[in-house]
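These notes concern the structure reproduced below.
All of these numbers come straight from a predicted model, not from anything done at the bench.
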Amino acid sequence: MVREIRENELHELLELYLFLHEETVPENTEYLMNTWKGIISDKNHHIIVKVIGEKIVSSCVCVIIPNLTRNIRPYALVENVVTHKDFRKKGYATECLNYAKVIAERENCYKMMLLTGSKNDSTLRFYSNAGYNSTDKTAFIQWLN
């Protein structure tokens, strides 16, 4: 089943993020909980999960960003695409991305954007096969401390 995350699933999501780029699960602090409450209550912030049995095995984030151009149509930013290592190559991340696209279309977005730090050909093909291209725009990133 693919759906949006439930409020009580934060810690399971944080465990999944260990397969993304995180090295540890953050401590259960007031800051973490306040951040989580802000995310879960934001109508424009969607955390999409693929659930097998009762386990979250894949996820992505889709944020709808209000916009004043393109006939005041918003756009979507997709981030944190991840699948548990034991569940890869089964189409679960694609299901999450497709769900994100449904949300973006429902919100009348004119485009979806996704960045990846991977240079792996199979990862780049995966995003290309999911409908994203790397030719329309050039991304620049400035990392902040």
Side-chain angles (χ1 to χ4, degrees), residues 1-118 120 123-124 126-134 136-145:
M1 167 194 304
V2 178
R3 59 170 170 77
E4 292 200 45
I5 198 161
R6 296 177 181 143
E7 189 170 356
N8 67 341
E9 294 174 320
L10 169 62
H11 295 291
E12 192 173 351
L13 180 66
L14 294 175
E15 290 284 336
L16 181 64
Y17 283 167
L18 293 174
F19 297 97
L20 184 61
H21 49 65
E22 298 302 307
E23 294 180 12
T24 61
V25 173
E27 288 184 45
N28 193 6
T29 62
E30 182 178 347
Y31 180 69
L32 171 64
M33 296 314 296
N34 286 339
T35 301
W36 178 241
K37 287 176 187 170
I39 288 170
I40 207 79
S41 65
D42 183 346
K43 71 179 183 66
N44 288 319
H45 200 131
H46 306 270
I47 300 177
I48 299 153
V49 294
K50 169 69 177 185
V51 180
I52 303 289
E54 294 186 22
K55 181 178 183 63
I56 295 175
V57 299
S58 190
S59 180
C60 73
V61 173
C62 177
V63 180
I64 307 300
I65 301 169
N67 183 38
L68 294 173
T69 66
R70 305 284 180 161
N71 288 323
I72 316 172
R73 291 178 66 194
Y75 56 92
L77 178 63
V78 174
E79 266 289 336
N80 298 337
V81 180
V82 61
T83 301
H84 186 289
K85 69 178 176 86
D86 296 339
F87 294 86
R88 292 185 178 155
K89 307 281 187 206
K90 298 179 188 303
Y92 299 151
T94 299
E95 289 181 49
C96 290
L97 291 175
N98 289 341
Y99 195 101
K101 185 177 180 181
V102 168
I103 291 170
E105 289 173 336
R106 179 187 73 212
E107 296 298 324
N108 196 32
C109 291
Y110 77 95
K111 70 177 176 182
M112 296 178 73
M113 295 186 297
L114 179 149
L115 298 172
T116 181
S118 176
N120 185 310
T123 302
L124 301 178
F126 164 73
Y127 289 124
S128 180
N129 290 339
Y132 294 86
N133 76 70
S134 59
D136 288 348
K137 298 237 178 192
T138 301
F140 290 88
I141 298 174
Q142 183 179 84
W143 296 101
L144 306 174
N145 293 330

Partner residues of R73 under the salt bridge (Lys or Arg N to Asp or Glu O under 4.0 Å) criterion, sequence neighbours left out
none
What one should report as the nearest heavy-atom pair of W36 and R6 is CZ2-O, 3.8 Å
If the condition is ring-ring contact (aromatic ring centres under 6.0 Å, His included), which residues does F87 pass it with, not counting sequence neighbours?
H84
Does the side-chain contact (heavy atoms from CB on, under 4.5 Å) test come out yes or no for Y127 and N133, once each step is laid out?
CA-CA 8 Å; Y127 289 124; N133 76 70; over 6 Å; no
Could you check whether any side-chain N or O of H46 sits under 3.5 Å from a backbone N or O of K43, counting only pairs where one atom can act as donor and the other as acceptor?
yes
The reported gap from SG in C109 to NZ in K101 (rounded to nearest 0.5 angstrom) is 12.0 Å
Got more than 12 heavy atoms from elsewhere within 6.0 Å of CG, N34?
yes
Provide the closest heavy-atom pair for V82 versus S58 in the form atom of the first, atom of the second, distance.
O-OG, 3.0 Å
Find the distance between CG (L20) and SG (C60) and round it off to the nearest 0.5 Å.
11.5 Å
Test M113 against Y132 for side-chain contact (heavy atoms from CB on, under 4.5 Å), laying out the working first.
CA-CA 8 Å; M113 295 186 297; Y132 294 86; over 6 Å; no
What I'd like to find out is whether the side chain of Y92 reaches to under 4.5 Å of the side chain of V2, using heavy atoms alone.
no
Side chain proximity check, Y75 to R70, heavy atoms < 4.5 angstrom
no
Minimum heavy-atom distance E27-L32, with the two atoms named
O-CD2, 3.4 Å
Between L10 and M33, is a side-chain contact (heavy atoms from CB on, under 4.5 Å) present by the stated rule, with each step listed?
CA-CA 9 Å; L10 169 62; M33 296 314 296; 3.9 Å; yes
So, taking the atom named CG in N108 and the one named CG in N71, what distance separates them when rounded to the nearest 0.5 Å?
9.0 Å
If every non-hydrogen atom of V57 is compared with every non-hydrogen atom of L16, which pair is closest and at what distance?
O-CD1, 3.8 Å
Determine yes or no for a side-chain-to-main-chain donor-acceptor pair under 3.5 angstrom, with S128 supplying the side chain and L124 the backbone.
no
Are L97 and L114 close enough that some pair of their side-chain heavy atoms sits under 4.5 Å apart?
yes
Can you check whether K50's main-chain N or O pairs, donor with acceptor, with R3's side chain at less than 3.5 Å?
no
Shortest non-hydrogen pair, E12 vs E54, comes out as OE2-O, 3.6 Å
From N28 CG over to H11 NE2, what is the distance, rounded to the nearest 0.5 angstrom?
4.0 Å
Any chance you could lay out the salt bridge (charged side-chain N to carboxylate O under 4.0 Å, His left out) test for E9 and K55, step after step, and finish with the verdict?
CA-CA 10 Å; E9 294 174 320; K55 181 178 183 63; over 6 Å; no
Decide yes or no for V49 and C96: does some side-chain heavy atom of the first lie under 4.5 Å from some side-chain heavy atom of the second?
no
When rounded to the nearest 0.5 angstrom, what distance separates CD1 in I103 from CG in N98?
11.5 Å
Just do the side-chain contact (heavy atoms from CB on, under 4.5 Å) check on S59 and N80 with the steps written out, would you?
CA-CA 7 Å; S59 180; N80 298 337; over 6 Å; no
Correct closest heavy-atom pair for F140 and T138 would be CE1-CG2, 3.6 Å
Option passing side-chain contact (heavy atoms from CB on, under 4.5 Å) with I5 (candidates I39, V61, I40):
I40
Would you give the length of the straight line joining atom OG1 of T35 to atom OH of Y31, rounded to the nearest 0.5 angstrom?
4.5 Å
Consider only side-chain N and O atoms of N67 and T69, and report whether a donor and an acceptor are under 3.5 Å apart.
yes
Find out whether the Lys NZ or Arg CZ of K85 is both under 6.0 angstrom from the six-membered ring centre of F19 and within 45° of the ring's axis.
no
